[in-house]
Amino acid sequence: MTPSASEPARHVLKQACCVVGLDSDGAEPLRLAENQIWRLPRQRVIVRIAREGQSAAAAREVRVARWLARENVPAVRLVDVEQPVEADGRPVTFWAELPPQQHGSVEDVAELLARLHSLTTPAIELGYLDPFVRVGERLHAATTIRDDDKQWLNALHSDLLAAWAERPAGLPDRAVHGDAWPGNIVRTAGGVLMMDLERFSVGPPEWDLVSTAVRAKTTGAVSAREYDRFCAVYGYDVTAWEGYPILARARELRMVTYAAQHAADNTEWGNQAQFRIDCLRGRSGPRPWSWKGIL
C-alpha cells in the first residue's frame, strides 16, 4: 500500500523539484519515514529526501555515485542536475528510476564486491568506515528490552569499539559499500547493480564480506554451499582472517539493535528482538540461528 503524504511533505518535495527544474505534479510517495522516497512517474525519477542534519552524507552519496559512473561500476545513477539541494533544511537527491528488480544472489554480491574492491581508492572525501554508526542511538531508543539486556549490549558495544581499534591487519583499505547484502546489490533485466550508497566509505574490504559470512555462520540465511560459492567467486574467505570475530560480532550487534529499536514502535518486532538478544547471550544454542527481518 502506498503511504499517505501530508501537505508539509509534499511542500518539501515541490520546493526541491522547483530548484532543479523538475515537475512534482503526480508524485507518488513510496516511503515516508525519517527519509522520504518519492517517485515522479512521468519523468521516471526517484527523489530521496533525507533527515535534517544529513547534508554531508547526501553530498558524499552524490560524490560516490559520480565516481562509480566514471568507473563504469553498475550502480544507481544520478539525474543530471546540480545536487544535492536543500528544502526546509533537508538534503534532497534525484535518481534515475530503476526497472523492476530482485535481490541479488550471493554470487552477484561477490562478483560486484570483487569489482569494487579492485579499484584504486578514489580521490574524493569519503570518510573512514564506522561499523557502529547509530548503534548507540538504537540502544537508547530500545525502550522495550530488559534493563539487564540493554546493559549487556552496551558493554558489548564498548568492548567491540576497543577491539575494532586494535583489530589485526587484513586486506588493504579500499572504498567499501558498507552495507553489502542482497537487498542492496540487486538484479534487474539489465544485470546486477549496487544501490543504497549511504554507507560508502574507506575501510577494510572485510567489512563488506562479513555481511554474507554472518548470514551463513550466524543467521542461517545463506547455506554452506552458497557461502562456498561466494568465497570462490570473490577469491577469499573472510572467516579465515583472525579479525573476523570482531567484525562479525559488530555486524551481529547492528542486527540486534536494529530489531530492538523497531520493537519500541512495532510490537511485531518484539519477539524477534528478544530472540536475537538471547542468541548473542548464549541462551538459544549454537549458531546458526534463524533470524528474520533485515539481515
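Excluded from the calculations below are hydrogen atoms, water molecules and symmetry mates; all remaining heavy atoms, backbone and side chain alike, are included.
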| task | Evaluate the criterion side-chain contact (heavy atoms from CB on, under 4.5 Å) for residue pair Leu113 and Ile185; output intermediate values, then yes/no. | result | CA-CA 9 Å; Leu113 287 180; Ile185 296 180; 4.3 Å; yes
| request: Would you mind reporting whether Trp241 and Leu209 have side-chain heavy atoms less than 4.5 Å apart? | output: no
| Hey, is the main chain of Val186 close enough, under 3.5 Å, to the side chain of Asp108 for a donor-acceptor pair? | no
| field | Smallest separation among heavy atoms of Thr212 and Ala180, with atom names | value | OG1-O, 4.4 Å
| field | Reported NZ-to-CD distance for the pair Lys217 and Glu252, which is rounded to 0.5 angstrom | value | 13.0 Å
| query | With sequence neighbours excluded, what pairs up with His157 under the ring-ring contact (aromatic ring centres under 6.0 Å, His included) test? | reply | Phe132
| request: Count the heavy atoms belonging to other residues, nucleotides or ligands that lie under 6.0 Å from CZ of Arg283, then report whether that count exceeds 12. | output: yes
| request: For the pair Asp278 and Gln274, evaluate side-chain hydrogen bond (donor to acceptor under 3.5 Å, both in side chains) and give the outcome as yes or no after the intermediate values. | output: CA-CA 6 Å; Asp278 290 344; Gln274 189 60 53; 3.0 Å; yes
Return a table of donor-acceptor pairs under 3.5 angstrom between the side chains of residues 136-145 and protein atoms on other chains or two or more places apart.
| unit_1 | atom_1 | unit_2 | atom_2 | d |
| --- | --- | --- | --- | --- |
| Arg138 | NH1 | Arg254 | O | 3.0 |

| said: Quick check: is Ile37 connected to Trp95 through a chain of hydrophobic side chains (ILVMFWY, heavy atoms under 4.5 Å apart)? | reply: yes
| Residues in side-chain contact (heavy atoms from CB on, under 4.5 Å) with Pro99, at least two apart? | Thr188
| At what distance, to the nearest 0.5 angstrom, does CZ of Arg174 lie from OG1 of Thr121? | 5.5 Å
| Over 12 foreign heavy atoms within 6.0 Å of CG, Asp80 | no
| query | What distance separates Leu197 CG from Asp179 CG, expressed to the nearest 0.5 Å? | reply | 11.0 Å
| query | Under 4.0 Å between a Lys/Arg side-chain N and an Asp/Glu carboxylate O for Glu198 and Arg48? | reply | yes
| Taking Asp23 as the fixed residue, which of Gln43, Lys14, Arg42 is the one that meets the side-chain hydrogen bond (donor to acceptor under 3.5 Å, both in side chains) rule? | Arg42
| request: Considering only NZ, NE, NH1 and NH2 on the basic side and carboxylate oxygens on the acidic side, decide whether Asp88 and Arg90 come within less than 4.0 Å. | output: no
| query | Just wondering, are more than 12 heavy atoms of other shown residues or ligands nearer than 6.0 Å to CG in Asn271? | reply | no
| field | Partner set under ring-ring contact (aromatic ring centres under 6.0 Å, His included) for Tyr234, not counting sequence neighbours | value | His117
| field | Ser118 side chain to Arg115 backbone, donor-acceptor under 3.5 Å | value | yes
| query | What distance do Leu253 atom CG and Ile277 atom CD1 have between them, rounded to the nearest 0.5 Å? | reply | 10.0 Å
| request: Count the heavy atoms of every other residue, nucleotide or ligand shown that sit under 6.0 Å from CD of Glu111, and state whether that count exceeds 12. | output: no
| request: Would you name the heavy atoms of Leu13 and Ala27 that are closest together and state the gap between them? | output: CD2-CB, 3.3 Å
| request: Over all heavy atoms of both residues, which pair between Val202 and Tyr128 is shortest? Give the atoms and the distance, please. | output: O-CD1, 3.2 Å
| request: Flag the pair Leu98 / Leu193 as yes when at least one side-chain heavy-atom distance between them is below 4.5 Å, and no otherwise. | output: yes
| Note, Glu226 side chain near Arg215 side chain (heavy atom, < 4.5 Å) | no
| note | Closest non-hydrogen contact found for Gln272 with Trp291 is OE1-CA, 3.4 Å
| message | My understanding is that only one of Arg10, Arg39, Arg44 makes a salt bridge (Lys or Arg N to Asp or Glu O under 4.0 Å) with Glu28; could you say which? | response | Arg39
| task | Check whether any side-chain heavy atom of Val62 lies under 4.5 Å from a side-chain heavy atom of Phe94, and answer yes or no. | result | no
| said: Can you pull out every ring pair (Phe, Tyr, Trp, His ring centres under 6.0 Å) where at least one residue sits in residues 183-222? Sequence neighbours excluded, please. | reply: His177-Phe200
| request: Could I get the full list of ring-ring contact (aromatic ring centres under 6.0 Å, His included) partners for His103, not counting sequence neighbours? | output: Trp181
| said: I need the minimum non-hydrogen distance between Ala65 and Arg77, along with the two atoms involved. | reply: O-NH1, 4.2 Å
| said: Quick one, Ser105 and Arg229 - any side-chain contact, counting heavy atoms below 4.5 Å? | reply: no
| note | d(Leu247 CG, Thr239 OG1) to nearest 0.5 Å is 12.5 Å
| Should Val210 and Val233 be counted in the same cluster of Ile, Leu, Val, Met, Phe, Trp and Tyr side chains packed under 4.5 Å apart? | no
| query | Would you call Val73 and Leu119 a side-chain contact if the rule is heavy atoms closer than 4.5 Å? | reply | yes
| query | Does Leu112 reach the side chain of Pro74, with side-chain heavy atoms less than 4.5 Å apart? | reply | yes
| said: Minimum heavy-atom separation for Ser290 and Phe275, please, with both atom names. | reply: O-CE2, 3.0 Å
| Is any side-chain heavy atom of Gln36 closer than 4.5 Å to a side-chain heavy atom of Pro29? | no
| request: Could you check Arg249 against Leu156 for side-chain contact (heavy atoms from CB on, under 4.5 Å), going step by step and ending with a plain yes or no? | output: CA-CA 9 Å; Arg249 203 71 165 165; Leu156 176 62; 3.9 Å; yes
| Should Ile246 and Val133 be counted in the same cluster of Ile, Leu, Val, Met, Phe, Trp and Tyr side chains packed under 4.5 Å apart? | no
| field | Trp269 (side chain) donor-acceptor with Asp265 (main chain) under 3.5 angstrom | value | no
| Does the side-chain contact (heavy atoms from CB on, under 4.5 Å) test come out yes or no for Val79 and Val20, once each step is laid out? | CA-CA 10 Å; Val79 175; Val20 298; over 6 Å; no
| said: Using side-chain contact (heavy atoms from CB on, under 4.5 Å), reason through Leu116 and Leu68 one step at a time and then give a plain yes or no. | reply: CA-CA 9 Å; Leu116 172 65; Leu68 292 174; 4.2 Å; yes
| Roughly how far apart are Glu206 CD and Asp173 CG, rounded to 0.5 Å? | 8.5 Å
